[in-house]
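So the structure is just underneath, and the comments pick up after that.
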Amino acid sequence: MGRKPCCSKEGLNRGAWTAMEDDILVSYINKHGEGKWGSLPRRAGLQRCGKSCRLRWLNYLRPGIKRGNISNDEEELIVRLHRLLGNRWSLIAGRLPGRTDNEIKNYWNTTLSKKVLLPPQGSNHSGFSNQLQLQAVASPPPPEDAAPQTRAARSGPRRCGAPR
DNA sequence: AATGTCCTCAACCGCTGTCCC
DNA sequence: AGGGACAGCGGTTGAGGACAT
């Protein structure tokens with residue numbers, strides 16, 4: 001269906017964001033709010049595609065984002081939720097306030113997947129406490145992820161296209 | 001000190017689901 | 001009802017830093 005030609009448009013910046021681009025994006029969103037990602041870059045004066053702006057905002061610039069220092073409890077919770085949900089990173093992130101799906105996905109792929117593959121030490125594979133995981137698994141998700149849930153019912157893992 | 005290899009993480013890409021006309 | 005536009009998701013890539021030789 002009507003898929004946009006994506007980010008390969010000529011004349012758009014790619015790669016790491018500069019502090020100036022961040023400033024422009026943050027001030028624009030603070031003024032006009034989120035949404036309309038397709039037209040946001042043009043209106044904000046950014047040489048980026050809308051998807052890039054959205055990703056930057058959601059994963060790094062949004063208020064309340066926690067970066068790094070994933071605690072043992074959070075780590076355990078990620079492992080538990082991954083067992084329950086599989087690679088539903090957005091759902092897992094919804095249970096971890098301040099964490100983003102991209103960060104959790106990266107953390108899983110680089111660190112946790114290796115830990116989980118290691119032989120378990122004792123009944124609880126890494127000696128985690130049960131506090132966070134119990135409350136997260138047993139309780140309903142926080143209200144702010146109620147809306148994105150509609151996106152969660154996806155048709156399983158997909159392969160991306162040809163490598164770059 | 002120089003070089004090679006591994007690891008981490010920010011960002012991109014392609015796809016699907018939903019909304020709206 | 002059909003199709004375009006938009007929003008969001010998950011897999012993957014690549015640059016750069018850390019570490020090993």
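These numbers come from the heavy atoms of this one structure, side chains and all, not from hydrogens, waters or symmetry mates. Order of the sequence lines fixes the chain letters, A, B, ..., with proteins taken first and strands second; residue numbering starts at 1 for each chain.
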For DNA chain C, what residues of residues 100-111 of chain A have any heavy atom nearer than 4.0 Å? A:K105, A:N109

Using whole Å, report how far [atom1] of [X] lies from [atom2] of [N].
X     : N      : atom1 : atom2 : value
A:N69 : B:dT8  : CG    : P     : 15 Å
A:N59 : C:dA7  : CG    : C1'   : 14 Å
A:Y60 : B:dC12 : OH    : P     : 10 Å
A:L40 : C:dA5  : CG    : C1'   : 16 Å
A:K36 : B:dC19 : NZ    : P     : 14 Å
A:L91 : C:dG8  : CG    : C1'   : 12 Å
A:L55 : B:dC9  : CG    : P     : 16 Å
A:L12 : B:dC12 : CG    : P     : 10 Å

For residues A:E103 and A:N59, is any side-chain donor paired with an opposing acceptor at under 3.5 Å? no

Contact under 4.0 Å: [X] side-chain N or O vs [N] OP1/OP2:
X     : N      : result
A:R54 : C:dC9  : yes
A:R67 : B:dA10 : yes
A:S52 : B:dC12 : yes
A:R14 : B:dC13 : yes
A:S90 : C:dC9  : yes
A:W37 : C:dA5  : no

Can you tell me how the ring of A:H82 sits relative to the ring of A:W89, calling it parallel under 30°, perpendicular over 60° and tilted otherwise? parallel

For the pair A:E74 and A:K66, evaluate salt bridge (charged side-chain N to carboxylate O under 4.0 Å, His left out) and give the outcome as yes or no after the intermediate values. CA-CA 12 Å; A:E74 287 177 310; A:K66 282 192 266 181; 3.3 Å; yes

Is a donor on one side and an acceptor on the other found under 3.5 Å between the side chain of A:S52 and the backbone of A:C49? no

Side chain of A:R99, backbone of A:G68: donor and acceptor closer than 3.5 Å? yes

Within this structure, what is the CG-CD1 distance for the pair A:L61 and A:I29, rounded to the nearest 0.5 Å? 7.5 Å

Straight-line distance of A:L77 CG to A:R80 CZ, nearest 0.5 Å: 10.0 Å

Of the listed nucleotides C:dG11, C:dC9, B:dC12, the one nearest the side chain of A:K51: C:dC9

Check the hydrophobic clustering (I, L, V, M, F, W, Y; side-chain heavy atoms under 4.5 Å; chains of links allowed) and say if A:I65 and A:L55 are grouped together. no

For A:I70 and A:E75, work out which heavy atoms get closest and say how close. CG2-N, 4.0 Å

Shortest non-hydrogen contact from A:T100 to A:A93? C-CB, 3.7 Å

Close approaches to DNA chain B from residues 16-28 of chain A, in residue order (heavy atom, under 4.0 Å): A:A16, A:W17

